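This report refers to the structure that appears directly beneath it.
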Amino acid sequence: MTPPAIMWFRRDLRLSDHPALLAAADAGEVLPLFVLDDRLLKPAGEPRRRFLYDCLRALDHDLGGRLHIAHGDPVDIVPKIAGKIGAGSVHVSADTAPYGRERDERVQKALGDIDFVRIGSPYAVTPGRVRKQDGEPYRVFTPFRRAWLDHGWRKPAKSGVDSARWISLKGLKIPAAKSDYPAGEQAALEVWQDFRDGPLADYDTGRDRPDRDGTSHLSAYLRWGCVHPRTLLADLKPGNETFRSELAWREFYADVLWHQPNTARENYDRKFDRFKHDTGKAAQQRFQAWCEGKTGYPVVDAGMRQLLAENWMHNRVRMIVASFLVKDLHVPWWWGARHFMRHLIDGDLASNQHNWQWVAGCGTDAAPYFRIFNPITQGEKFDPNGDYVRKYVPELRGVQGKTVHKLDKLPEEYPAPVVDHAHERQVSLDRYDAIRTT
DNA sequence: TATAAGTTCGA
DNA sequence: CGAACTTAT
(Lines give C-alpha, C1' and ligand atoms only; values in the text may rest on other atoms or scores of the structure.)
Protein backbone atom coordinates (compact mmCIF):
# COMPACT_ATOMS: atom_id res chain seq x y z
CA MET A 1 0.00 0.00 0.00
CA THR A 2 1.31 3.39 -0.91
CA PRO A 3 1.56 5.85 1.89
CA PRO A 4 -1.09 8.54 1.88
CA ALA A 5 -0.03 12.07 1.29
CA ILE A 6 -2.53 14.75 1.88
CA MET A 7 -2.50 18.03 0.11
CA TRP A 8 -5.07 20.56 -0.48
CA PHE A 9 -5.39 23.86 -1.97
CA ARG A 10 -7.20 26.62 -0.28
CA ARG A 11 -8.50 29.66 -2.02
CA ASP A 12 -10.37 32.66 -0.88
CA LEU A 13 -13.98 32.05 -1.56
CA ARG A 14 -16.48 34.75 -1.02
CA LEU A 15 -18.10 32.76 1.68
CA SER A 16 -20.75 35.34 2.34
CA ASP A 17 -22.23 34.45 -1.01
CA HIS A 18 -22.69 30.85 -0.01
CA PRO A 19 -24.15 30.15 3.41
CA ALA A 20 -23.64 26.44 2.95
CA LEU A 21 -19.98 26.90 2.18
CA LEU A 22 -19.72 29.23 5.13
CA ALA A 23 -21.06 26.54 7.41
CA ALA A 24 -18.49 24.09 6.09
CA ALA A 25 -15.76 26.61 6.58
CA ASP A 26 -16.91 27.21 10.12
CA ALA A 27 -16.49 23.54 10.81
CA GLY A 28 -12.89 23.35 9.71
CA GLU A 29 -11.70 26.68 8.39
CA VAL A 30 -10.40 25.29 5.14
CA LEU A 31 -11.92 23.43 2.25
CA PRO A 32 -10.12 20.70 0.41
CA LEU A 33 -10.27 22.05 -3.08
CA PHE A 34 -7.47 20.23 -4.82
CA VAL A 35 -6.23 16.78 -4.09
CA LEU A 36 -3.26 15.13 -5.69
CA ASP A 37 -2.23 11.56 -6.05
CA ASP A 38 0.53 10.80 -3.60
CA ARG A 39 2.52 9.12 -6.34
CA LEU A 40 3.10 12.57 -7.68
CA LEU A 41 4.98 13.39 -4.54
CA LYS A 42 7.55 10.69 -4.99
CA PRO A 43 10.79 11.65 -6.63
CA ALA A 44 9.96 9.81 -9.82
CA GLY A 45 11.25 12.09 -12.46
CA GLU A 46 10.74 15.54 -13.76
CA PRO A 47 7.30 15.11 -15.35
CA ARG A 48 5.69 14.43 -12.02
CA ARG A 49 7.46 17.30 -10.40
CA ARG A 50 6.47 19.64 -13.17
CA PHE A 51 2.88 18.55 -12.84
CA LEU A 52 2.93 19.31 -9.18
CA TYR A 53 4.68 22.63 -9.42
CA ASP A 54 2.69 23.90 -12.30
CA CYS A 55 -0.71 22.83 -11.08
CA LEU A 56 -0.09 24.41 -7.75
CA ARG A 57 1.39 27.52 -9.23
CA ALA A 58 -1.51 27.79 -11.61
CA LEU A 59 -3.98 27.47 -8.83
CA ASP A 60 -2.15 29.78 -6.52
CA HIS A 61 -1.24 32.51 -8.94
CA ASP A 62 -4.10 32.40 -11.35
CA LEU A 63 -6.87 31.79 -8.92
CA GLY A 64 -5.72 33.85 -6.01
CA GLY A 65 -5.49 31.01 -3.58
CA ARG A 66 -3.39 29.60 -0.83
CA LEU A 67 -1.71 26.27 -0.67
CA HIS A 68 -1.70 24.13 2.39
CA ILE A 69 0.33 20.96 2.52
CA ALA A 70 0.44 18.31 5.16
CA HIS A 71 2.44 15.16 4.75
CA GLY A 72 4.54 12.61 6.47
CA ASP A 73 7.12 12.29 3.79
CA PRO A 74 10.54 13.82 3.89
CA VAL A 75 9.59 14.94 0.43
CA ASP A 76 12.42 16.87 -1.06
CA ILE A 77 10.31 18.92 -3.33
CA VAL A 78 8.26 20.65 -0.69
CA PRO A 79 10.82 23.40 -0.11
CA LYS A 80 11.00 23.86 -3.84
CA ILE A 81 7.27 24.28 -4.05
CA ALA A 82 7.45 26.81 -1.27
CA GLY A 83 10.18 28.62 -3.11
CA LYS A 84 8.19 28.64 -6.32
CA ILE A 85 5.04 29.94 -4.84
CA GLY A 86 6.59 32.40 -2.50
CA ALA A 87 6.84 32.85 1.22
CA GLY A 88 3.69 33.35 3.15
CA SER A 89 1.39 31.34 0.98
CA VAL A 90 2.60 27.87 1.85
CA HIS A 91 2.10 26.18 5.16
CA VAL A 92 3.75 22.83 5.68
CA SER A 93 2.66 20.65 8.51
CA ALA A 94 5.40 18.12 8.94
CA ASP A 95 4.50 14.91 10.64
CA THR A 96 7.11 12.27 11.00
CA ALA A 97 4.99 9.48 12.40
CA PRO A 98 5.02 6.20 10.53
CA TYR A 99 2.44 5.72 7.90
CA GLY A 100 -0.80 4.18 8.90
CA ARG A 101 -3.92 4.89 10.81
CA GLU A 102 -2.17 6.58 13.70
CA ARG A 103 -0.36 8.99 11.46
CA ASP A 104 -3.52 9.70 9.52
CA GLU A 105 -5.26 10.51 12.75
CA ARG A 106 -2.48 12.77 13.95
CA VAL A 107 -2.43 14.66 10.71
CA GLN A 108 -6.14 14.94 10.69
CA LYS A 109 -6.23 16.20 14.23
CA ALA A 110 -3.58 18.73 13.47
CA LEU A 111 -5.60 20.07 10.60
CA GLY A 112 -8.96 20.51 12.17
CA ASP A 113 -12.26 18.81 11.86
CA ILE A 114 -12.33 18.28 8.16
CA ASP A 115 -12.36 14.65 7.25
CA PHE A 116 -9.88 14.86 4.45
CA VAL A 117 -8.52 11.41 4.03
CA ARG A 118 -7.39 10.70 0.52
CA ILE A 119 -6.93 7.34 -1.10
CA GLY A 120 -6.02 6.85 -4.72
CA SER A 121 -6.47 9.08 -7.70
CA PRO A 122 -9.90 10.29 -8.72
CA TYR A 123 -9.65 8.62 -12.10
CA ALA A 124 -10.48 5.18 -13.40
CA VAL A 125 -7.03 5.11 -14.98
CA THR A 126 -4.27 7.18 -13.44
CA PRO A 127 -3.23 10.07 -15.69
CA GLY A 128 -0.11 9.23 -17.66
CA ARG A 129 -0.86 5.52 -17.84
CA VAL A 130 -2.64 5.32 -21.18
CA ARG A 131 -0.04 5.74 -23.92
CA LYS A 132 0.37 5.08 -27.58
CA GLN A 133 2.53 2.12 -28.59
CA ASP A 134 5.52 4.41 -28.98
CA GLY A 135 5.01 5.68 -25.44
CA GLU A 136 3.70 9.06 -26.47
CA PRO A 137 0.53 10.48 -24.94
CA TYR A 138 -2.61 10.67 -26.99
CA ARG A 139 -3.50 14.02 -28.50
CA VAL A 140 -6.85 13.05 -29.93
CA PHE A 141 -9.80 12.01 -27.86
CA THR A 142 -11.25 9.13 -29.86
CA PRO A 143 -8.11 6.96 -29.95
CA PHE A 144 -7.51 7.82 -26.32
CA ARG A 145 -10.95 6.59 -25.39
CA ARG A 146 -10.40 3.34 -27.22
CA ALA A 147 -7.08 2.72 -25.50
CA TRP A 148 -8.54 3.79 -22.18
CA LEU A 149 -11.35 1.26 -22.54
CA ASP A 150 -8.87 -1.43 -23.54
CA HIS A 151 -6.67 -0.59 -20.56
CA GLY A 152 -9.51 -1.26 -18.13
CA TRP A 153 -9.64 -0.55 -14.43
CA ARG A 154 -10.22 -2.11 -11.05
CA LYS A 155 -13.62 -2.74 -9.65
CA PRO A 156 -14.81 0.04 -7.40
CA ALA A 157 -14.00 -0.29 -3.76
CA LYS A 158 -16.78 -1.00 -1.36
CA SER A 159 -18.71 1.91 -0.05
CA GLY A 160 -17.21 3.31 3.08
CA VAL A 161 -13.88 1.63 2.51
CA ASP A 162 -12.45 3.53 -0.39
CA SER A 163 -14.49 6.20 -1.99
CA ALA A 164 -16.12 7.37 1.20
CA ARG A 165 -12.74 8.02 2.73
CA TRP A 166 -11.48 9.98 -0.17
CA ILE A 167 -12.50 13.42 0.74
CA SER A 168 -15.20 14.38 2.96
CA LEU A 169 -17.40 17.32 2.77
CA LYS A 170 -19.41 16.55 5.80
CA GLY A 171 -21.97 19.22 6.36
CA LEU A 172 -21.33 20.87 3.05
CA LYS A 173 -24.38 21.42 0.94
CA ILE A 174 -23.54 21.74 -2.68
CA PRO A 175 -25.45 24.74 -3.98
CA ALA A 176 -26.26 23.30 -7.38
CA ALA A 177 -29.29 22.95 -9.57
CA LYS A 178 -31.04 20.52 -7.33
CA SER A 179 -31.37 22.54 -4.21
CA ASP A 180 -30.63 20.89 -0.95
CA TYR A 181 -28.72 17.97 -2.14
CA PRO A 182 -26.00 17.37 0.36
CA ALA A 183 -22.40 16.40 -0.04
CA GLY A 184 -20.91 13.07 0.80
CA GLU A 185 -20.80 9.66 -0.70
CA GLN A 186 -24.32 8.61 0.23
CA ALA A 187 -25.83 11.68 -1.38
CA ALA A 188 -23.68 11.16 -4.46
CA LEU A 189 -24.91 7.60 -4.80
CA GLU A 190 -28.52 8.72 -4.52
CA VAL A 191 -28.04 11.35 -7.21
CA TRP A 192 -26.37 8.72 -9.34
CA GLN A 193 -29.21 6.23 -8.90
CA ASP A 194 -31.82 8.84 -9.74
CA PHE A 195 -29.94 9.68 -12.90
CA ARG A 196 -29.14 6.10 -13.86
CA ASP A 197 -32.74 4.97 -13.54
CA GLY A 198 -34.12 8.07 -15.24
CA PRO A 199 -32.49 10.61 -17.57
CA LEU A 200 -29.62 8.28 -18.53
CA ALA A 201 -31.86 6.45 -21.01
CA ASP A 202 -32.39 9.69 -22.93
CA TYR A 203 -28.94 11.12 -22.26
CA ASP A 204 -27.92 11.51 -25.90
CA THR A 205 -30.42 14.27 -26.52
CA GLY A 206 -31.61 15.08 -23.02
CA ARG A 207 -28.21 16.31 -21.85
CA ASP A 208 -28.37 19.19 -24.32
CA ARG A 209 -31.55 20.71 -22.96
CA PRO A 210 -30.86 23.24 -20.21
CA ASP A 211 -34.59 23.72 -19.76
CA ARG A 212 -34.84 20.13 -18.57
CA ASP A 213 -33.07 17.98 -16.03
CA GLY A 214 -31.23 15.62 -18.34
CA THR A 215 -27.65 15.80 -17.05
CA SER A 216 -26.23 13.69 -14.28
CA HIS A 217 -25.50 16.45 -11.75
CA LEU A 218 -22.54 14.35 -10.65
CA SER A 219 -19.79 16.75 -11.67
CA ALA A 220 -19.41 18.32 -8.25
CA TYR A 221 -19.43 14.92 -6.56
CA LEU A 222 -16.73 13.66 -8.90
CA ARG A 223 -14.69 16.79 -8.52
CA TRP A 224 -14.86 16.76 -4.75
CA GLY A 225 -14.17 13.07 -4.56
CA CYS A 226 -17.49 12.08 -3.04
CA VAL A 227 -17.87 9.34 -5.60
CA HIS A 228 -15.29 7.52 -7.70
CA PRO A 229 -15.75 7.30 -11.46
CA ARG A 230 -15.15 3.55 -11.20
CA THR A 231 -18.31 3.29 -9.17
CA LEU A 232 -20.24 4.83 -12.03
CA LEU A 233 -18.44 2.90 -14.76
CA ALA A 234 -19.16 -0.41 -13.07
CA ASP A 235 -22.84 0.42 -13.14
CA LEU A 236 -23.09 1.39 -16.80
CA LYS A 237 -24.64 -0.79 -19.48
CA PRO A 238 -23.49 -1.27 -23.07
CA GLY A 239 -26.04 1.27 -24.29
CA ASN A 240 -24.67 4.09 -22.15
CA GLU A 241 -21.80 4.99 -24.46
CA THR A 242 -22.39 8.72 -24.43
CA PHE A 243 -22.20 9.02 -20.68
CA ARG A 244 -19.19 6.71 -20.60
CA SER A 245 -17.57 9.03 -23.13
CA GLU A 246 -18.17 12.01 -20.89
CA LEU A 247 -16.24 10.23 -18.16
CA ALA A 248 -13.57 9.44 -20.75
CA TRP A 249 -13.27 13.15 -21.61
CA ARG A 250 -12.61 13.84 -17.95
CA GLU A 251 -9.83 11.25 -17.91
CA PHE A 252 -8.46 12.44 -21.24
CA TYR A 253 -8.05 16.01 -20.09
CA ALA A 254 -6.49 14.91 -16.82
CA ASP A 255 -3.99 12.95 -18.89
CA VAL A 256 -3.33 15.90 -21.17
CA LEU A 257 -2.70 18.23 -18.24
CA TRP A 258 -0.51 15.66 -16.56
CA HIS A 259 1.75 15.53 -19.58
CA GLN A 260 1.70 19.28 -20.19
CA PRO A 261 0.92 21.10 -16.98
CA ASN A 262 1.72 24.44 -18.55
CA THR A 263 -1.48 24.13 -20.57
CA ALA A 264 -3.43 25.10 -17.47
CA ARG A 265 -2.49 28.63 -18.46
CA GLU A 266 -1.01 28.49 -21.94
CA ASN A 267 -2.32 27.57 -25.35
CA TYR A 268 -1.88 23.89 -26.08
CA ASP A 269 -1.52 24.86 -29.73
CA ARG A 270 1.31 27.38 -29.65
CA LYS A 271 0.29 28.82 -32.97
CA PHE A 272 -2.45 30.59 -31.02
CA ASP A 273 0.20 32.52 -29.12
CA ARG A 274 0.11 34.90 -32.07
CA PHE A 275 -3.68 35.19 -32.00
CA LYS A 276 -4.97 38.72 -31.53
CA HIS A 277 -7.17 39.25 -28.46
CA ASP A 278 -8.98 42.30 -27.21
CA THR A 279 -7.80 43.26 -23.73
CA GLY A 280 -8.27 47.01 -23.51
CA LYS A 281 -10.77 48.99 -21.54
CA ALA A 282 -13.68 48.30 -23.90
CA ALA A 283 -12.93 44.57 -23.79
CA GLN A 284 -12.76 44.68 -20.02
CA GLN A 285 -16.17 46.28 -19.90
CA ARG A 286 -17.60 43.64 -22.22
CA PHE A 287 -15.99 40.96 -20.09
CA GLN A 288 -17.63 42.52 -17.06
CA ALA A 289 -21.01 42.43 -18.82
CA TRP A 290 -20.41 38.78 -19.63
CA CYS A 291 -19.54 37.97 -16.02
CA GLU A 292 -22.69 39.67 -14.80
CA GLY A 293 -24.96 38.19 -17.42
CA LYS A 294 -25.72 41.49 -19.10
CA THR A 295 -24.58 40.93 -22.66
CA GLY A 296 -28.02 41.35 -24.20
CA TYR A 297 -27.98 37.80 -25.55
CA PRO A 298 -30.64 35.88 -23.63
CA VAL A 299 -29.12 32.41 -23.40
CA VAL A 300 -25.67 33.79 -22.61
CA ASP A 301 -27.07 35.96 -19.84
CA ALA A 302 -29.21 33.16 -18.43
CA GLY A 303 -26.15 30.92 -18.23
CA MET A 304 -23.92 33.49 -16.62
CA ARG A 305 -26.59 34.32 -14.07
CA GLN A 306 -27.16 30.67 -13.32
CA LEU A 307 -23.44 30.41 -12.62
CA LEU A 308 -23.60 33.23 -10.10
CA ALA A 309 -26.83 32.01 -8.54
CA GLU A 310 -26.05 28.32 -8.26
CA ASN A 311 -22.30 27.92 -8.78
CA TRP A 312 -23.20 25.58 -11.58
CA MET A 313 -24.12 25.92 -15.24
CA HIS A 314 -25.64 23.49 -17.69
CA ASN A 315 -22.98 22.00 -19.95
CA ARG A 316 -24.56 23.06 -23.24
CA VAL A 317 -24.79 26.62 -21.96
CA ARG A 318 -21.15 26.53 -20.83
CA MET A 319 -20.21 25.93 -24.44
CA ILE A 320 -22.44 28.75 -25.64
CA VAL A 321 -21.18 31.35 -23.17
CA ALA A 322 -17.57 30.28 -23.71
CA SER A 323 -17.89 30.58 -27.46
CA PHE A 324 -19.48 33.98 -27.00
CA LEU A 325 -16.66 35.26 -24.81
CA VAL A 326 -13.91 34.00 -27.07
CA LYS A 327 -15.40 34.54 -30.50
CA ASP A 328 -17.83 37.40 -30.07
CA LEU A 329 -15.96 39.42 -27.44
CA HIS A 330 -12.45 38.30 -28.56
CA VAL A 331 -11.32 37.99 -24.95
CA PRO A 332 -8.52 35.52 -24.03
CA TRP A 333 -9.96 32.16 -23.05
CA TRP A 334 -8.13 32.16 -19.73
CA TRP A 335 -10.13 35.14 -18.52
CA GLY A 336 -13.26 33.08 -18.88
CA ALA A 337 -11.64 29.95 -17.50
CA ARG A 338 -10.60 31.83 -14.39
CA HIS A 339 -14.09 33.20 -13.86
CA PHE A 340 -15.48 29.68 -14.17
CA MET A 341 -12.95 28.30 -11.67
CA ARG A 342 -13.87 30.99 -9.21
CA HIS A 343 -17.55 30.24 -9.31
CA LEU A 344 -18.14 26.64 -10.36
CA ILE A 345 -18.79 24.18 -7.57
CA ASP A 346 -17.49 21.45 -9.90
CA GLY A 347 -14.57 23.47 -11.28
CA ASP A 348 -11.73 21.10 -12.11
CA LEU A 349 -8.47 22.47 -13.43
CA ALA A 350 -7.95 19.90 -16.17
CA SER A 351 -11.52 19.72 -17.42
CA ASN A 352 -12.15 23.43 -17.15
CA GLN A 353 -9.01 24.74 -18.79
CA HIS A 354 -9.04 22.20 -21.58
CA ASN A 355 -12.70 22.55 -22.38
CA TRP A 356 -12.05 26.27 -22.68
CA GLN A 357 -9.15 25.56 -24.99
CA TRP A 358 -11.40 23.25 -26.97
CA VAL A 359 -13.92 26.02 -27.45
CA ALA A 360 -11.20 28.53 -28.29
CA GLY A 361 -9.82 26.15 -30.91
CA CYS A 362 -6.33 26.06 -29.41
CA GLY A 363 -6.58 22.83 -27.42
CA THR A 364 -5.99 19.15 -27.85
CA ASP A 365 -8.41 17.67 -30.32
CA ALA A 366 -9.97 21.09 -30.47
CA ALA A 367 -13.02 22.14 -32.34
CA PRO A 368 -12.05 23.72 -35.64
CA TYR A 369 -11.80 27.42 -35.08
CA PHE A 370 -14.56 28.19 -37.53
CA ARG A 371 -17.10 26.38 -35.40
CA ILE A 372 -18.63 29.52 -34.02
CA PHE A 373 -21.81 29.18 -32.04
CA ASN A 374 -24.65 31.47 -32.96
CA PRO A 375 -26.00 32.44 -29.53
CA ILE A 376 -29.49 33.04 -30.90
CA THR A 377 -29.95 29.81 -32.83
CA GLN A 378 -28.33 27.82 -30.03
CA GLY A 379 -30.92 29.29 -27.68
CA GLU A 380 -33.76 28.51 -30.04
CA LYS A 381 -32.53 25.00 -30.57
CA PHE A 382 -31.79 23.96 -27.00
CA ASP A 383 -34.21 26.17 -25.05
CA PRO A 384 -37.04 26.12 -27.58
CA ASN A 385 -39.74 27.44 -25.26
CA GLY A 386 -37.50 29.94 -23.51
CA ASP A 387 -38.11 28.38 -20.11
CA TYR A 388 -34.41 28.33 -19.21
CA VAL A 389 -33.96 31.99 -20.12
CA ARG A 390 -37.00 33.12 -18.14
CA LYS A 391 -35.87 31.16 -15.11
CA TYR A 392 -32.64 33.12 -14.77
CA VAL A 393 -33.36 36.46 -16.43
CA PRO A 394 -36.16 38.22 -14.53
CA GLU A 395 -36.37 41.08 -17.06
CA LEU A 396 -37.58 38.58 -19.63
CA ARG A 397 -40.19 36.83 -17.54
CA GLY A 398 -42.95 38.76 -19.23
CA VAL A 399 -41.91 37.61 -22.70
CA GLN A 400 -43.87 34.62 -23.89
CA GLY A 401 -42.43 31.39 -25.31
CA LYS A 402 -39.64 31.39 -27.85
CA THR A 403 -39.93 35.16 -28.31
CA VAL A 404 -37.32 35.54 -25.53
CA HIS A 405 -34.75 34.68 -28.18
CA LYS A 406 -35.81 37.48 -30.54
CA LEU A 407 -33.44 40.39 -29.88
CA ASP A 408 -35.79 42.94 -31.45
CA LYS A 409 -38.73 41.94 -29.28
CA LEU A 410 -37.23 42.26 -25.82
CA PRO A 411 -38.31 44.81 -23.20
CA GLU A 412 -36.35 48.00 -22.65
CA GLU A 413 -35.16 47.10 -19.18
CA TYR A 414 -33.17 44.23 -20.70
CA PRO A 415 -29.66 45.20 -21.88
CA ALA A 416 -29.08 45.92 -25.54
CA PRO A 417 -26.65 43.49 -27.25
CA VAL A 418 -23.04 44.44 -26.40
CA VAL A 419 -21.92 43.39 -29.87
CA ASP A 420 -23.37 42.30 -33.21
CA HIS A 421 -22.85 38.57 -33.56
CA ALA A 422 -22.66 38.43 -37.36
CA HIS A 423 -19.98 41.11 -37.41
CA GLU A 424 -17.90 39.70 -34.55
CA ARG A 425 -18.08 36.25 -36.09
CA GLN A 426 -16.39 37.61 -39.18
CA VAL A 427 -13.79 39.44 -37.11
CA SER A 428 -12.90 36.15 -35.42
CA LEU A 429 -12.60 34.31 -38.70
CA ASP A 430 -10.35 37.04 -40.07
CA ARG A 431 -8.10 36.91 -37.00
CA TYR A 432 -7.89 33.16 -37.32
CA ASP A 433 -6.84 33.56 -40.93
CA ALA A 434 -3.95 35.68 -39.73
CA ILE A 435 -2.40 32.85 -37.70
CA ARG A 436 -3.14 29.98 -40.06
CA THR A 437 -0.11 28.29 -41.48
CA THR A 438 -1.77 26.06 -44.06
C1' DT B 1 -20.90 19.06 -29.31
C1' DA B 2 -21.52 24.83 -35.85
C1' DT B 3 -22.91 27.96 -39.18
C1' DA B 4 -24.21 30.08 -43.45
C1' DA B 5 -24.83 29.72 -48.02
C1' DG B 6 -25.72 27.07 -51.68
C1' DT B 7 -27.96 22.86 -53.91
C1' DT B 8 -31.24 19.18 -54.51
C1' DC B 9 -35.56 17.17 -54.16
C1' DG B 10 -40.30 16.23 -53.48
C1' DA B 11 -44.95 17.92 -52.36
C1' DC C 1 -41.47 26.54 -51.25
C1' DG C 2 -39.53 24.30 -47.40
C1' DA C 3 -37.04 20.31 -45.86
C1' DA C 4 -32.99 17.87 -46.55
C1' DC C 5 -28.56 17.71 -47.93
C1' DT C 6 -23.75 19.58 -49.26
C1' DT C 7 -19.88 22.36 -48.67
C1' DA C 8 -16.62 26.12 -47.29
C1' DT C 9 -15.17 28.42 -43.47
Side-chain angles (χ1 to χ4, degrees), chain A residues 139-146 199-200 202-212 214-216 218-219 240-253 256 268-269 271-272 275-276 297-300 302-303 312-330 333 336-337 340 344 346 348 350-384 388 402 405-407 417 419-438:
Chain A
R139 294 165 177 276
V140 180
F141 172 68
T142 305
F144 172 88
R145 180 184 57 188
R146 189 167 298 121
L200 179 58
D202 186 39
Y203 189 67
D204 280 18
T205 54
R207 74 200 166 114
D208 270 332
R209 290 290 296 273
D211 54 339
R212 297 182 189 165
T215 60
S216 73
L218 285 164
S219 54
N240 306 137
E241 290 314 315
T242 307
F243 185 73
R244 200 189 327 267
S245 283
E246 296 302 324
L247 293 174
W249 274 107
R250 179 174 174 276
E251 309 244 340
F252 176 55
Y253 283 146
V256 171
Y268 182 89
D269 180 349
K271 138 169 125 261
F272 275 80
F275 191 83
K276 184 175 183 292
Y297 283 85
V299 173
V300 175
W312 188 84
M313 196 194 305
H314 188 281
N315 180 59
R316 166 57 57 175
V317 187
R318 293 189 199 194
M319 290 189 279
I320 299 170
V321 303
S323 179
F324 187 81
L325 185 74
V326 169
K327 297 181 182 180
D328 288 66
L329 302 187
H330 318 298
W333 63 263
F340 269 32
L344 282 171
D346 59 21
D348 171 272
S351 296
N352 187 62
Q353 309 305 89
H354 278 282
N355 273 303
W356 271 93
Q357 296 219 37
W358 181 88
V359 170
C362 58
T364 316
D365 202 12
Y369 190 82
F370 48 77
R371 278 193 189 170
I372 296 173
F373 285 66
N374 181 322
I376 300 302
T377 53
Q378 285 280 315
E380 290 171 338
K381 190 171 175 187
F382 297 113
D383 181 31
Y388 177 77
K402 60 186 180 184
H405 298 298
K406 304 287 186 195
L407 292 190
V419 292
D420 174 62
H421 170 70
H423 176 255
E424 304 305 338
R425 174 177 182 276
Q426 195 53 52
V427 170
S428 276
L429 291 172
D430 292 345
R431 292 188 186 185
Y432 178 60
D433 263 344
I435 64 163
R436 270 166 75 181
T437 50
T438 55

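Labels below follow one simple rule: chain letters A, B, ... track the order of the sequence lines, proteins then strands, and each chain is numbered from 1. Keep in mind that this is a model prediction, so the values were computed, not measured.
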- Grab the CD-P distance between A:Gln426 and B:dT3 for me, whole Å please. 16 Å
- Task: Could you tell me how the ring of A:Tyr253 sits relative to the ring of A:His354: parallel (under 30°), tilted (30 to 60°) or perpendicular (over 60°)?
- Result: parallel
- Hey, mind stepping through A:Gln426 and A:Asp430 against side-chain hydrogen bond (donor to acceptor under 3.5 Å, both in side chains) and telling me if it holds? CA-CA 6 Å; A:Gln426 195 53 52; A:Asp430 292 345; 3.1 Å; yes
- In whole angstroms, the gap separating C1' of B:dT1 from NZ of A:Lys327 amounts to 12 Å
- When we call it a touch if two heavy atoms are under 4.0 Å apart, what does A:Leu429 touch: a base, just sugar-phosphate, or nothing? nothing
- Task: Rounded to the nearest angstrom, tell me the gap between atom NE2 in A:His354 and atom C1' in B:dT1.
- Result: 18 Å
- Closest of B:dT1, B:dA2, B:dA4 to the A:Arg425 side chain is B:dA4
- Check the distance between B:dT3's P and A:Phe373's CZ and give it to me in whole angstrom. 7 Å
- Quick one: are A:Arg139 and A:Phe144 in side-chain contact, heavy atoms under 4.5 Å? no
- Item | Spacing between A:Phe141 atom CZ and B:dT1 atom C1', to the nearest angstrom | 12 Å
- Rounding to a whole Å, what distance do you find between A:His423:NE2 and B:dA4:P? 15 Å
- Message: Should the side chain of A:Arg316 and the base of B:dT1 be counted as holding a donor-acceptor pair, with the cut-off at 3.5 Å?
- Response: yes
- Output every pair passing salt bridge (Lys or Arg N to Asp or Glu O under 4.0 Å) with a member in residues 355-383 of chain A, not counting sequence neighbours, ordered by first then second residue. A:Glu380-A:Lys406
- Atom CD1 of A:Ile372 to atom P of B:dT3: distance rounded to whole Å? 10 Å
- Item | Non-hydrogen side-chain atoms of A:Cys362 and A:Phe275 separated by less than 4.5 Å | no
- Task: Would you please classify the geometry between the A:Tyr432 ring and the A:Tyr369 ring as parallel, tilted or perpendicular, with 30° and 60° separating the classes?
- Result: parallel
- Message: I need the residues from residues 374-383 of chain A with at least one non-hydrogen atom less than 4.0 Å from DNA chain B; give them sorted by number, or say none.
- Response: A:Asn374, A:Thr377, A:Gln378
- Item | Check: A:Asp208/A:Thr205 side-chain N/O donor and acceptor closer than 3.5 Å | no
- Task: To the nearest Å, give me how far apart CG (A:Asn315) and C1' (B:dT1) are.
- Result: 8 Å
